[in-house]
Structures are given as C-alpha cells and as structure tokens.
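Encoded as structure tokens, the structure appears first; notes follow it.
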Amino acid sequence: MSVSARLLSGTVASWAQIAITMVTQVVLVPLYLSYWSVSTYGLWLAIISFSGLLNSLDIGYQEYLNYEFLKIGKTDTRKFSKYLCSGVLFGVLLGLAQIVLVIVLYSFNIVDVIFKDSHFFVDPSGIRDAFIILFMQAFIWLICGSVGGLLNRALATFGYYPRMAWWAVFTGSVLNLAPAVAVILGANLLQTGITMALARIVTDTPVYFDMIRLLKREKISFVKPSIKLGWNNFLHSTFLSATGLLDNVRQQGARLFITPFTGSAGLAAFSTMRTGSNVALQGLRTIVNPLMPELMTFLHKKDQERTEVAFGTVWIVAIAVVAPALVVVQAFIQPLYTTWTRGKIPFDPWLFAVLSIGILVYAMAQPAVSIVRGNNLLRPQLIISAMSAAVTIGGIFITVPLFGILGAGVSLLAAEIAACIAFKKIANNWLIQQDLIWPQKSYAISLSSLCIASIAIAAMIMLPNKQWLIVIISLILLIWNTFRYWSVLPTLATDRAKSIISTVPGIKLLLPYL
C-alpha cells in the first residue's frame, strides 16, 4: 500500500471512530440521564477519568517505544523483536503495578476521599462498587492495554496503522454500545462496569490473533526479553510517563478536581459541555497520528517542502473546516444542548465558547507538538506538561470557587495557550539546528483564523440579537483567510490537494480559481 493510500485509509478509519464516538455520545448522554440521576452519571464519568489517570505510566512507556520502533525501522527485525519482547515484559509489570495501586488506594480509604462529594457513597457499599470497577479496569488494562498497545504500535512501523485503526472502529463501537444496553436493561453502576470489562475482553480477542499473525508475517519473532534493555527503555520513558500523567491531569483529571467545588452534578455539566470539544480534538488527532511516521521521515531527510506539506495538512483543516464549524455551532447549540440533556443540565454559553477556542489553539500547536514528541525531546515535554498542569489545577482552585465550571474552562484554555507557545518555541529551535525553517508566514495566517473565530464567538454571546449577522461576516473573513493561506502553501501541497479535490463531483469547476 502506498504512503498516500495508507494515510487515506488511516484517516478514514480514524474519522469513522470519531463519527461513532460522536453518534454514541449524542445518544448515550440522554440515555444515561433517562435511567440514572445526574449525580450517578457524574460519578460514572469520574471513575472512568480516574481509570485513565492510572494508565498514564504505561502509556508513556508505550509512546517511548513507539518512537524507538520507528527509529529501528523495518529492516533490522532481530533488534526490533528484542525491543518488542523486552517492552512486553515491562508492560506486564506496569500493568500489575496499576492493579496493586488500586488495591492500596482502597485499603487506605483513598477511593472514598477521591469521590467524597458524591451522595452515592452514603452507603459504604458504594465505595466497594467503585473499587471493583477500578480494579476491573486495571485488570482489563493489563490484559488488553499493556501488551496489546505495544503490539499495535509495533505494527504501525510496518504500515499497519490503518488496519489497526479499523479494528479500533469495531472495538470502539462495541465498547460504547455494551454499557448503554446494560443501562437500558436496568443495570446499576457496578453492573455497567462489569459489562464494559467483559465487552473489552470479547472485542480484543480477535484483534490479538490478528496482530500476532501480522507480526509473524513481518518476521518479528518472540525472543527472550532483555531485562537490561527493558529497564533502560523504562527509565528513558519516565519523562514521557510523567508527561502523560500531567497531560491526563490537565485533560481528564481536571474533571476530578472540580468535583469538590461543584459536586457530581457540576462535573456532569462540565463533561457534557466538553463532549463536542473532545470529539473535535479526537478528529484532529486522526490527522496527526497517521501523518507522524511520514513527517518523521521528512524531518530526518531534511525535506523542507514536504515538511511544510505535513504542517499544512493540519493547519488547512483548522482554518477551512474547524474554525468556521465552531462559529456556526455556537449560534444554535443552546437549544440542542437543552434537548440533548433533557433539560437536566443548564447550558453555559461562555464555557462552551472557551472550550471551542481551546480546540483551535490545540490545532495550531500540533505541528510543533509532533516535532517535539516525534524526536523524543523528553525534558521539554515534561517541563511543558508540568507547566500546563500547574496552570490548569492552580486555575481551577482559584477560579472555580469564583465563577463555577466556567473557571475550569478558562483554566484549560490558559494551559492550552501556554503549551502552544512553548511547543512552538522548542520546535522552532530544533528545526534551526537541523537546517530547516519554521513556516512562519503560514503559521501567522493560521493564527489569524483563530483570532477571527474567537472574536466572532465572543461577539455572538454578547450580542445575541445579531448573532447571525456576526456568523455571516466571520465566515466571509474566514473564507478570505483560507484563500490567503492557500496562496502561501508549497506547490507540492496545492497540487496534491487539487488531485484529491478533483475526484469530488462538481468541484473541478473551482480548480482554475485555486
């Protein structure tokens, strides 16, 4: 399969995942709220978020090995096998450590402290149920995540990212639907957690068989692991693990930190309003992730033009698609949100706006983030993540008591802006060292779209009677800015885009003007 075909297949599969997530979220939120109270639903979200935090150490190790696999490449299969098998050994140990940690948290009543706000825990059995769900999540992670995640990343080196992405479409569909079916059938919190765990095992079993078969096809054998190699890789990965933990604190852990101030109902409100931004963020990752192996190749070859093409792929989506979409969505989201949540959760237009702007800031940062992470610049990643987590958590403790859940949104936006600035500076310095250039002009035009969309969204809230006039004016400006961006793209990028656009019926008429 060619590079273009792999990128296309991987992107389509990833967007299919996003579509499934979006559809299921739209359906599941009112479904959960029909059968559960807002407080119980908020507690479920808190448990899932905490489970994500527990995986951070393992995820960091997997990400480090992912880039090591890319460095080794396809040719040295003996070295690749040694790295993979040593990684699997330490992955299992890290998975076991998570299980032990959950037991310790329960034994010392820390689980009760984490979820102390919820009235669900008036009955001591509630603490036990939360522990059982967390324990099951950790155990399933050991089976499916600790090993399966490494095999998945190893296969990406050999061009199987699209195949694994399509498997993820299947598993994601089942894992979203299984708990929902359980809730419809009258399952309580614990029963729903058990259903999710069983569904993960059932769906991952065929994926495991396929991954092992593909590794054999690529002559990757299961050899005796090296404890020394695994340990050295683990030590090097601790920067990424700490980075991942801090990022999780910023993204998922923020939901836990607002609970003492707003309660489970406030957590449910924050999480539901953040659903749209989470879907958009996942969508952006579907563009960046398939592009990463190709971008690293361009960077190592010091291919300036193709590097800019990779950057442009991300920014053109943000400028031409994400920014206009966020402006339009802000205009009609409130009644849809009220219907979606069955009127049980109030809508905060400023919180939704702040979260939307954060999506664009995230998009602007992705090329720089890819450079820093793709080259395993570990210390800068840790520093940036620590800074972002500090801004988020510090901001929550200061602003949430004053402004409610809006304060949490502002804190997340401030952290996103700080991270974007820092990543860009480090990436720019690295490019200079490699005799490459940061595409400053196209980046500046991208930031213009960010500013236009941000001002428009804020104006629509302050001037609700003129919101559609604001939408029209802002869309005109965003379209104009898109053409400005197009004019500064490398010829290779525009030619490739035209070849793709020409396959769409009726679009050929526009090509002479592009």
Side-chain angles (χ1 to χ4, degrees), residues 15-52 115 117-120 129-130 133 169 171-196 199 251-252 254-256 258-259 262-283 325-326 328-356 359 404-406 408-409:
W15 276 102
Q17 294 177 50
I18 299 303
I20 290 169
T21 301
M22 183 169 62
V23 170
T24 52
Q25 285 297 319
V26 169
V27 174
L28 292 185
V29 169
L31 186 148
Y32 279 118
L33 292 175
S34 296
Y35 292 89
W36 287 352
S37 67
V38 175
S39 179
T40 302
Y41 179 57
L43 175 61
W44 170 255
L45 294 175
I47 293 173
I48 299 302
S49 297
F50 191 71
S51 296
F115 304 114
D117 172 76
S118 176
H119 297 295
F120 184 80
D129 290 347
I133 295 174
V169 171
T171 57
S173 301
V174 177
L175 290 177
N176 276 302
L177 290 175
V181 172
V183 171
I184 292 173
L185 296 176
N188 57 25
L189 197 72
L190 176 58
Q191 292 166 338
T192 303
I194 294 172
T195 301
M196 176 179 282
Q251 296 296 332
Q252 302 299 330
R255 300 197 297 189
L256 296 175
I258 69 173
T259 304
T262 65
S264 294
L267 172 61
F270 180 78
S271 297
T272 50
M273 259 180 284
R274 203 178 174 191
T275 298
S277 61
N278 283 340
V279 170
L281 291 176
Q282 291 175 40
L326 293 177
V328 173
V329 167
Q330 185 73 35
F332 62 79
I333 188 61
Q334 183 164 352
L336 289 179
Y337 179 86
T338 302
T339 303
W340 182 48
T341 58
R342 297 185 175 273
K344 292 185 177 181
I345 302 178
F347 179 76
D348 186 333
W350 280 110
L351 174 59
F352 190 85
V354 166
L355 294 174
S356 296
I359 296 169
I405 56 176
L406 173 60

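Position 1 is the first residue of the sequence, and the numbers go up from there. Predicted model, so just to flag it, every value in this text is computed and none were measured.
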Practice problem: Check whether any side-chain heavy atom of Ile47 sits under 4.5 Å from a side-chain heavy atom of Leu189, and report yes or no. | Solution: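 Sidechains of Leu189 and Ile47: in contact.
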Quiz item: Can you check whether Ile405 reaches Leu351 side chain to side chain, under 4.5 Å on heavy atoms?
Solution: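 The answer is yes, as the side chains (C-beta and beyond) meet within the 4.5 Å cut-off.
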Quiz item: What pairs with Phe347 under ring-ring contact (aromatic ring centres under 6.0 Å, His included), at least two apart in sequence or on another chain?
Solution: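 If we apply the ring-ring contact (aromatic ring centres under 6.0 Å, His included) test to Phe347, skipping adjacent residues, the hits are Tyr337, Phe352.
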Self-check item: Listed partners of Ala325 passing side chain to side chain contact (heavy atoms under 4.5 Å, CB included), at least two apart
Solution: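 For Ala325 there are no side chain to side chain contact (heavy atoms under 4.5 Å, CB included) partners, ignoring immediate neighbours.
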Practice problem: Only counting residues at least two apart or in another chain, list the ones meeting side chain to side chain contact (heavy atoms under 4.5 Å, CB included) with Val181. | Solution: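 Once residues adjacent in sequence are excluded, the partners of Val181 under the side chain to side chain contact (heavy atoms under 4.5 Å, CB included) criterion are Leu185.
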For a quick test of reading the model, state the closest non-hydrogen atom pair linking [X] to [Y] and the distance between them.
X      : Y      : answer
Tyr41  : Leu33  : CD2-CD2, 4.0 Å
Gln330 : Ala353 : OE1-CA, 3.7 Å
Gly409 : Leu355 : CA-CD2, 4.3 Å
Ala182 : Thr195 : CB-OG1, 3.6 Å

Practice problem: Working to the nearest 0.5 Å, report the span between CD1 of Ile133 and CE of Met196. | Solution: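 Here the rounded value is 9.5 Å.
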Practice problem: State the CG-CZ distance between Leu336 and Phe332, to the nearest 0.5 angstrom. | Solution: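 The CZ atom of Phe332 is 6.0 Å from CG of Leu336, to the nearest 0.5 Å.
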Exercise. Mind checking side chain to side chain donor-acceptor pair (under 3.5 Å) for Ser34 and listing every partner two or more places apart, or none if nothing turns up?
Key: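 Ser34 satisfies side chain to side chain donor-acceptor pair (under 3.5 Å) with Arg342 only.
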Quiz prompt | Residue list, side chain to side chain donor-acceptor pair (under 3.5 Å) with Tyr32, at least two apart or on another chain | solution =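 So Tyr32 forms no side chain to side chain donor-acceptor pair (under 3.5 Å) with any residue.
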Quiz item: Checking side chain to side chain contact (heavy atoms under 4.5 Å, CB included) for the pair Leu406/Asp348: CA distance, chi angles, key distance, verdict?
Solution: CA-CA 8 Å; Leu406 173 60; Asp348 186 333; 3.9 Å; yes
Quiz item: Please, which pairs that meet side chain to side chain donor-acceptor pair (under 3.5 Å) have at least one residue in residues 182-193, sequence neighbours excluded?
Solution: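 Residue pairs passing side chain to side chain donor-acceptor pair (under 3.5 Å), neighbours aside: none found.
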